[in-house]
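As the structure is a prediction and not an experimental result, all values here were calculated from the model. Numbering of ligands and ligand atoms starts at 1, following listing order.
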Amino acid sequence: MVKYSPLTTEHITKIKEIVHYENVFQDAETLLHYGHDYTEDLNFPPQIVVKPINKEQIAALLKYCNENKIPVTPRGAGTGLSGGSLPIYGGIALSLEKMNRIVAIDKDNLQATVEPGVINENLRIAVEAEGLFYPPDPASKGSCFMGGNVAHRSGGPKCVKYGTTKDYILNLEIVLPSGAIIWTGADTLKNSTGYNLTQLMIGSEGTLAIVTKIVLRLIPKPQHDLLLWAAFENAEQACAVVPKIFHQGLVPSALEFMERKAVELSVAKHKMSFDFGMEQAYLLIEVDGNDITQLHKEIESIYNILESNGCNNILLAEDATTKEKLWKIRRSIGEVVKSHGIYKEEDTVVKRANLPQLYNKVKSLEQLFGFESICYGHAGDGNLHVNILQGTMTDAAWKNDLPKVITTIFETCKALGGTISGEHGIGLVQKQYMPLVMSKIHFQLMRGIKNTFDPNGILNPGKIFPENY
Ligand code: LAC
Ligand code: ZN
């Protein structure tokens with residue numbers, strides 16, 4: 001394990017000089033807040049929290065920390081689900097929250113430039129006012145930062161049609177631990193110029209450099225959408241129908257799966273009336289585009305596919321209020337499951353058509369070990385969020401068996417052409433499982449990259465790489 005010395009008074013005085021005292025926080029409440037994110041109940045308070053206001057401050061800070069081997073853990077809004085922003089070795093929590101400007105919206109080129117502290121939803125609203133669209137929409141879109149989306153290569157329901165964060169980032173301004181500031185690529189739609197450092201940064205979870213500006217590609221805003229809610233008596237059938245929709249040449253703009261329990265918890269939390277069928281599982285299916293007649297045709301085709309594949313309760317959301325309600329049910333699931341007791345969330349992903357096998361495996365393990373699982377997620381992407389709840393397992397069994405359960409689930413993902421995270425990242429809580437999907441050679445290559453960017457290992461230490469690899 002890497003050892004870092006605690007910050008001295010002298011270090012802290014110098015850091016206050018570099019980023020100005022009003023951007024440095026040491027009070028107990030702030031430290032506690034920046035010691036946790038949305039990942040389970042973990043807490044690792046930093047020694048200080050620094051909220052720089054520009055790239056020059058970040059460059060000077062990193063240079064100083066690099067020279068003094070001070071750990072720096074970058075942080076967006078703290079909505080991550082893999083413990084990526086937890087300062088596990090103390091040191092500095094580097095919050096990008098003050099760098100929250102939408103720098104430019106370039107209508108001629110369908111691009112925007114933002115700072116990392118811009119909230120995903122604020123970007124969406126700003127570009128929609130110009131008739132443009134930024135599709136990646138994590139469940140936490142109302143609070144998560146674009147910098148965090150880049151760090152985790154985030155997804156969301158719309159990604160089944162439009163792709164994830166990685167498909168929208170053209171260029172990044174980054175600060176290296178040496179204090180150097182560079183752009184990773186160019187603001188162009190095409191770029192065939194050497195290694196793709198932009199994509200290397202996306203998903204690197206703040207372990208290589210600090211992103212200070214993001215140039216994004218936008219698309220024209222689709223004018224219409226239609227939403228179907230489909231209830232299935234059999235959850236496996238709900239998973240199995242998903243590839244059939246794509247076979248017919250249809251590409252929904254969202255194709256979400258929810259187990260009954262997930263929906264029940266969400267509905268109860270919001271004290272909603274619910275009359276959309278009490279079956280075993282549901283699909284929420286959206287199509288979007290500019291030609292409403294065409295969309296109705298697509299919905300009709302989907303309706304027919306659902307009906308001939310075991311779905312006996314299909315609702316077309318007639319108005320904006322119903323659509324909003326259905327989306328609220330779906331988007332709240334992650335949060336409501338959290339408040340339901342002791343749990344561990346996995347972000348499994350397999351080839352889309354293999355989803356029924358993955359689902360069945362999770363349920364068979366449930367029987368075997370006595371936990372309760374609540375599954376939901378982006379079925380169109382083969383991305384199933386599996387929440388493992390302690391259920392009837394004793395504390396000892398939970399501690400002892402949970403890693404076995406997770407290992408088996410992840411081995412199943414691998415066997416089904418998948419991997420251990422689709423959109424939440426590895427961070428702290430999944431790193432021990434990385435050897436299931438990556439070999440020593442992978443780690444050697446990744447370690448070489450890490451050492452090139454961050455030779456002193458100051459940036460987000462203790463993440464992604466399993467111990468002793
Ligand atoms: C969701 C988050 C948890 O899909 O990824 O709700
Ligand atoms: Zn998700």
Touching ligand 1 at all, Gly334? Heavy atoms, strictly under 4.0 Å? no
If the threshold is 4.0 Å, N to carboxylate O, is there a salt bridge linking Asp225 and Lys323? yes
Do any of the N/O/S atoms of His385, backbone or side chain, fall under 2.8 Å from the Zn ion (ligand 2)? yes
If you count the atoms of ligand 1 from 1 in the order shown, which ones are under 4.0 Å from a heavy atom of Leu81? 3 (C)
The protein heavy atom nearest to atom 5 (O) of ligand 1 is His424 NE2, 2.7 Å
Quick one: which of Glu256, Arg330, Lys338, Arg331 has a heavy atom closest to atom 4 (O) of ligand 1? Arg330
Report yes or no: does Asp347 have a heavy atom closer than 4.0 Å to ligand 1? no
Numbering the atoms of ligand 1 from 1, which are under 4.0 Å from a heavy atom of Ala139? 1 (C), 2 (C), 6 (O)
Non-hydrogen atom of His378 closer than 4.0 Å to ligand 1: yes
Between Arg75 and Asp37, is the closest basic N to carboxylate O distance under 4.0 Å? no
Identify each donor-acceptor pair in which a side-chain atom of residues 139-150 lies under 3.5 Å from a protein atom, sequence neighbours left out, and give them as a table.
| from | atom 1 | to | atom 2 | distance (Å) |
| --- | --- | --- | --- | --- |
| Ser143 | OG | Ser140 | O | 3.4 |
| Asn149 | OD1 | Asn120 | ND2 | 3.0 |
| Asn149 | ND2 | Phe145 | O | 3.2 |

Test item: Glu346 and Lys344 side chains (from C-beta on) under 4.5 Å apart, heavy atoms: yes
Do Arg447's NZ or CZ and the ring of Phe465 fall within the cation-pi criteria of under 6.0 Å and 45°? yes
Give, rounded to 10 degrees, the angle between OE2 (Glu423) and NE2 (His378) as seen from the Zn ion (ligand 2). 90°
With a 3.5 Å cut-off and no angle check, do the side chains of Ser82 and Gln430 form a donor-acceptor pair? no
Atom 3 (C) of ligand 1 has as its nearest protein heavy atom Tyr376 OH, 3.4 Å
Between side-chain atoms of residues 372-379 and protein atoms elsewhere (two or more places apart, or another chain), which donor-acceptor pairs fall under 3.5 Å?
| from | atom 1 | to | atom 2 | distance (Å) |
| --- | --- | --- | --- | --- |
| Ser373 | OG | Lys363 | NZ | 2.7 |
| Ser373 | OG | Glu366 | OE1 | 2.6 |
| Tyr376 | OH | Glu345 | OE2 | 2.9 |
| His378 | ND1 | Glu256 | OE1 | 3.0 |
| His378 | ND1 | Glu256 | OE2 | 2.8 |
| His378 | NE2 | His385 | NE2 | 3.3 |
| His378 | NE2 | Glu423 | OE2 | 2.8 |

